[in-house]
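Sequence positions, counted from 1, serve as the residue numbers for this chain. Small disclaimer: the values here were computed from a predicted structure and weren't measured.
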Amino acid sequence: MTEKRSANAIIATVMCTLVVAISLATFSLLQVAHAGEADVTEVRATQSSDGTWRFDVTVEHTDTGWEHYADQWVVIGPDGAVLGERVLLHPHVNEQPFTRSLSGVIIPDDVTTVTVRARDNVHEYGGAEIDVQLER
């Protein structure tokens, strides 16, 4: 009888462990699926004395870790050309929203408006973008 109880206890422990492991894996996958797209929430563009531009860009994204995080933002001209790119090298799980800068962006004199958009490593682009009127 004691052996049967021990075997039942071991089986119950294994089953509980499996249920917990499956639940944690499912929760992790749901976090990735529901973290959403990266949104640009604020942009400050400043022209330097040498004519290049500095962009201070605030991004908001529900980073969950390396498996899903905002990994880049870009400055795009009216013709769709990428004029500047800031690669984000790590997740910002505990720093939301966050602001990063990019200097030395060359923008042709005839361009008066650019678009700034962010991406994440799961959904790529698709979140909120901001059109910036350049003050020369």
Side-chain angles (χ1 to χ4, degrees):
M1 188 73 115
T2 304
E3 289 177 19
K4 188 174 182 179
R5 283 187 196 155
S6 294
N8 285 341
I10 291 170
I11 290 171
T13 301
V14 169
M15 294 297 289
C16 287
T17 302
L18 285 172
V19 167
V20 168
I22 290 170
S23 297
L24 289 173
T26 302
F27 178 73
S28 180
L29 289 172
L30 288 173
Q31 276 188 308
V32 169
H34 290 96
E37 298 165 335
D39 296 322
V40 175
T41 60
E42 187 176 345
V43 178
R44 184 170 154 226
T46 310
Q47 191 171 26
S48 301
S49 59
D50 66 359
T52 64
W53 289 81
R54 173 188 167 108
F55 287 84
D56 300 297
V57 176
T58 302
V59 175
E60 188 166 12
H61 181 263
T62 312
D63 288 6
T64 59
W66 290 103
E67 68 281 350
H68 193 185
Y69 71 99
D71 65 353
Q72 181 185 71
W73 56 260
V74 293
V75 178
I76 303 167
D79 62 354
V82 175
L83 303 172
E85 171 185 58
R86 173 66 194 253
V87 175
L88 305 168
L89 299 175
H90 60 86
H92 295 86
V93 175
N94 296 316
E95 182 188 359
Q96 290 293 326
F98 61 94
T99 302
R100 295 296 179 271
S101 302
L102 178 65
S103 297
V105 178
I106 298 171
I107 299 178
D109 289 337
D110 63 330
V111 173
T112 59
T113 303
V114 295
T115 301
V116 180
R117 66 180 180 177
R119 62 166 265 150
D120 69 73
N121 65 339
V122 171
H123 300 105
E124 297 187 0
Y125 295 103
E129 303 175 347
I130 292 183
D131 292 329
V132 180
Q133 184 70 36
L134 301 174
E135 303 286 331
R136 295 186 189 264

Next item on the list: Verify side chain to side chain donor-acceptor pair (under 3.5 Å) between E135 and Q47, making sure each step is shown before the conclusion.
Entry: CA-CA 8 Å; E135 303 286 331; Q47 191 171 26; over 6 Å; no
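Between the side chain of D50 and the main chain of T52, a donor-acceptor pair closer than 3.5 Å is present. Remark: side-chain polar atoms of D71 are not paired, donor with acceptor, to backbone N or O of H90 under 3.5 angstrom.
Annotation for A118 and V40: closest pair N-CG2, 3.5 Å, computed over non-hydrogen atoms. Nearest heavy-atom pair, F55 versus A45, reported as atom, atom and distance to 0.1 Å: CE2-CB, 3.6 Å. Between D63 and A70, the closest heavy-atom pair is OD1-N, 3.0 Å. A pairwise comparison of heavy atoms in I107 and R136 identifies CG2-NH2, 3.6 Å as the closest pair.
The OH atom of Y69 sits 10.0 Å away from atom CG of D120, with the distance rounded to the nearest 0.5 Å. Taken from CH2 in W53 to CZ in R44, the straight-line distance is 11.5 Å, to the nearest 0.5 Å. For the atom pair R117 CZ and T115 OG1, the distance stands at 8.5 Å (nearest 0.5 Å). Distance check: R119 CZ to E124 CD gives 5.0 Å after rounding to the nearest 0.5 Å. With rounding to the nearest 0.5 angstrom, the CG atom of D56 is 6.0 Å from the OG1 atom of T46. In this structure, CH2 on W73 lies 14.0 Å from CD on E129, to the nearest 0.5 angstrom.
For the 3.5 Å distance criterion, the side chains of T113 and Q133 qualify, holding a donor opposite an acceptor. In the model, S48 has no side-chain atom that pairs as donor or acceptor with a side-chain atom of R54 under 3.5 Å. Side-chain contact, N121 with H68: no donor N or O sits under 3.5 Å from an acceptor N or O. D39 and T41 share no donor-acceptor pair across their side chains, judged by distance under 3.5 Å alone.
Classification of R100 and E95 as a salt-bridged pair holds, one side-chain N sitting under 4.0 Å from a carboxylate O.
Neither V93 nor W66 shares a network with the other; the hydrophobic side chains, linked directly or stepwise wherever heavy atoms of I, L, V, M, F, W or Y lie under 4.5 Å apart, form separate groups for each. Linking ILVMFWY side-chain heavy atoms closer than 4.5 Å, directly or via other members, places V43 and Y125 in two distinct hydrophobic clusters. In this structure, V132 is not a member of the same hydrophobic cluster as I76, with clusters built from ILVMFWY side-chain heavy atoms closer than 4.5 Å.
Between V87 and L89 there is a side-chain heavy-atom pair separated by less than 4.5 Å. Using a 4.5 Å heavy-atom cutoff, the side chains of V57 and S101 are not in contact. Two residues are said to be in side-chain contact when any heavy atoms from C-beta on lie closer than 4.5 Å; E85 and V74 meet this criterion. Side-chain contact between F98 and V59 is present, with at least one heavy-atom pair separated by less than 4.5 Å.
Under the 6.0 Å cut-off for aromatic ring centres, H92 and H61 do not qualify, their centroids lying 6.0 Å or more apart.
A side chain to side chain contact (heavy atoms under 4.5 Å, CB included) with V114 is found for one member of L83, V105, D131 and no other, namely L83.
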